[in-house]
Amino acid sequence: MTNETDKKLTFNERLMSIDRRWVFLVLAIFVVVPLILGFSVKPVVSDEVRAIYDFVENLEPGQNLLVAIDYDPNALAELHPMAFAIMEQALAKRLKLVTLTLSQNGAGMAEQAVKAVVDSVKMYHGYTPEYGKDYVFLGYRPYFALVILGMGQNFRIPFPKDYYSTPLDSMPIMAKIQNYDQIAGVIDITGSNVADAWIAYGNGRYGVKVALGLTGVSASDYYPFYQSKQIIGLMGGMKGAAEYEFLCKNPGPATEAMGVQTFAHIVIIGFIVIGNIGYFLDKREKAKRKKEM
Amino acid sequence: MEQALNWETFWWTTLGVFLTLSTFSFLYKDNPFYKFAEHLVVGVSAGYFVIILYYNGLRPNLLDHLFMSNTWTPRFDQLYYLLPLILGVLMWARFSKKWSWVSRYPIALYIGIATGIAIPLEMRNRVIQQVYGTVGQTGFDFAKPGFFGIPSGIWDVILVILVIASLVYFFFSKEHKGWFGGLAKLGIYTLMIGFGASFGYTVMARISLFIQRVQYIKSWWEMFT
């Protein structure tokens, strides 16, 4: 029956109605093969990504940096490389790292990420960050807007204890931290509207410097905030992550993925061009037929 | 030196690979493997969220104030925490036809507080700061080189014109004809460029998800090699 329908389709119509499964198959081939062969491209660093790198790089050892791992595992592909690169850079620079998550399904994943970064710092930077002294994971609290506002008054309001139920006051890292006044900046890595809350309440209400690491889907919505200087920098999607890894000289999964992205984008552009050729040929043919009638 | 295979990691990773392939099988057509993976992720997420919410929300924010942590002995020094408990319980009245009106009180309080906090800050962040960012912070510096070597001042002028054109498109009290219509059309093209950028980013995001799963499968495969 499918064949009978196919026979009725003209060439132009066929171009416009390629079975989506062929598209998926071609795309899969163009993703898997370059990944196996190890094709890579050198990322071009954008100003908004460099701004975050420079900000972290210019902090003095001992200053406090807050990294908010505000995403669920479903955004891990794009955001994990950013979180890893920034946290590793911060710890390697001997900054005091305060981490937390405002994403309900992200607590376990965020904890694993922090542990993995600490292991990596031990292995590659010859430095062993100490929990409670050099870094801390505060865990998750619900209602992100209230948590962000609460931390503006005192971190102990939303987080009287850390993720492991250790009172904040018993940890040397938190002894000097009351609120955002003692935090050099917040880097929020998220795929949701938690970013809005950090801009509105963190920066707008308390004036803390905020930088964003975002999923590709939401990145373009936040460029106006970069232009208006409400955020100090912005990383968008896998490309932003690859740029950051490049700046940190710490190539990871994002760098590996960008080479593959190049091929995938070429395939998608190719299919868009094919669809458009079909559309314009069909339009011309219909106009021609109309003229003949 | 050959590294020993960690069987626990291997089995969990293998399960992850199986679920990944089950999910992608939907691209061919709906099937029981996909349904299994779909239901599993929904169920696990819901269960995980409930536990996380209890230990990170309900317990530290309410129960620890009303009871001693380990013995569950009532505490009488912070009885005012009963007030949010009562307000929370009242929310559940929505499920009763007879008592649903009671839930309006906590909802009204919640919306009132949220609105009071949000409106001034949102006005500042999304309107005043954005207008200032568009006009006030643009330098109109015609000596400084910008994109493609064109002075940044020219880009600033273009930016202001395109913002006005986009706003004109949404102004419906005057017919979009003549110079006004032309400006509205320029607004459409500006919006299209914006949507195009969003679309490009979205494509990259979706491909990124796929690449990450392939990287995961590759890491599983490398366990054998």
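All chains are named by letter (A, B, ...) in the order of the sequence lines, taking the proteins before the strands, and each is independently numbered beginning at 1.
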Closest-packed option against chain A by number of heavy-atom pairs under 4.5 Å, given B/V131, B/T202, B/I211: B/I211

More than 12 heavy atoms from other groups under 6.0 Å of OH on B/Y189: no

Proximal component of A/I268, with respect to chain B [non-hydrogen, under 4.5 Å]: side chain

Within 6.0 angstrom of A/F271 CZ, more than 12 heavy atoms from elsewhere: yes

A/G108 backbone acceptor or donor facing B/Y48 side chain under 3.5 Å: yes

Choice from A/G236, A/S218, A/A145, A/A197 maximising heavy atom contacts with chain B below 4.5 Å: A/G236

Heavy-atom neighbours of B/Y54 OH exceed 12 at 6.0 Å: yes

Distance in Å, A/Q104 CD paired with B/S45 OG, rounded so as to fall on 0.5 Å steps: 9.0 Å

Working for side chain to side chain contact (heavy atoms under 4.5 Å, CB included), residues A/Q230 and B/R124: CA-CA 11 Å; A/Q230 288 167 271; B/R124 180 179 180 275; 5.7 Å; no

Pairs touching residues 153-170 of chain B that satisfy side-chain hydrogen bond (donor to acceptor under 3.5 Å, both in side chains), sequence neighbours left out: none

Side chains of A/S228 and B/Q129, donor plus acceptor under 3.5 Å: no

CG on A/L76 to CZ on B/R213, rounded to 0.5 Å: 7.5 Å

Most contacts with chain B, counted as non-hydrogen pairs under 4.5 angstrom, among A/P81, A/S220, A/G139: A/S220

Side chains of A/Y140 and B/I52 in contact at under 4.5 Å (non-hydrogen atoms): yes

Point-to-point distance, once rounded to the nearest 0.5 Å, from CG of A/D196 to CD of B/E122: 7.0 Å

Minimum-distance pair of heavy atoms, taken over all atoms of A/G216 and B/Y201: O-CB, 3.0 Å

Heavy-atom neighbours of A/F30 CZ exceed 12 at 6.0 Å: no

Whether over 12 other heavy atoms sit under 6.0 Å from B/Y105 OH: no

Top contributor to chain B interface from A/A254, A/G237, A/A264, A/P253 [non-hydrogen pairs under 4.5 Å]: A/P253

Closest-packed option against chain B by number of heavy-atom pairs under 4.5 Å, given A/V217, A/L146, A/N105: A/N105

Under 4.5 Å from a heavy atom of chain A, the part of B/I217 involved: neither

Reported OG1-to-CG distance for the pair A/T101 and B/N56, which is rounded to 0.5 angstrom: 9.5 Å

Heavy-atom contacts under 4.5 Å, residues 17-34 of chain B to chain A: B/L27, B/Y28

4.5 Å side-chain heavy-atom contact, B/K218 and A/V32: no

From B/I207 atom CD1 to A/M238 atom CE, the distance as rounded to the nearest 0.5 Å: 10.5 Å

Interface residue of largest heavy-atom contact number with chain B, from A/L25, A/V31, A/D19, under 4.5 Å: A/V31

Within 6.0 Å of CH2 in B/W11, more than 12 heavy atoms from elsewhere: no

Euclidean distance, A/I272 CD1 relative to B/F199 CZ, rounded to 0.5 Å: 5.0 Å

Heavy atoms of other groups near B/R94 CZ, more than 12 under 6.0 Å: no

Option that, when pairs with chain B are counted at under 4.5 Å, heavy atom only, ranks first among A/R205, A/K229, A/R20, A/H80: A/K229

Chain B contact via A/A75 - side chain, backbone, both or neither, heavy atoms under 4.5 Å: neither

Exceeds 12 heavy-atom contacts within 6.0 angstrom, atom OH of A/Y206: yes

For B/N125 against A/A200, the heavy-atom pair lying closest together: ND2-CA, 3.2 Å

Residues of residues 148-167 of chain A within contact distance of chain B, non-hydrogen under 4.5 Å: A/L149

Residues of residues 107-117 of chain B near chain A, each having a heavy atom less than 4.5 Å away: B/Y110, B/I117

Contact leader toward chain A among B/G200, B/A197, B/G133, where contacts are heavy-atom pairs under 4.5 Å: B/G133

A/V260 side chain near B/Q215 side chain, heavy-atom distance below 4.5 Å: no

B/S208 to A/E78 - nearest heavy-atom pair and separation: CB-CG, 3.7 Å

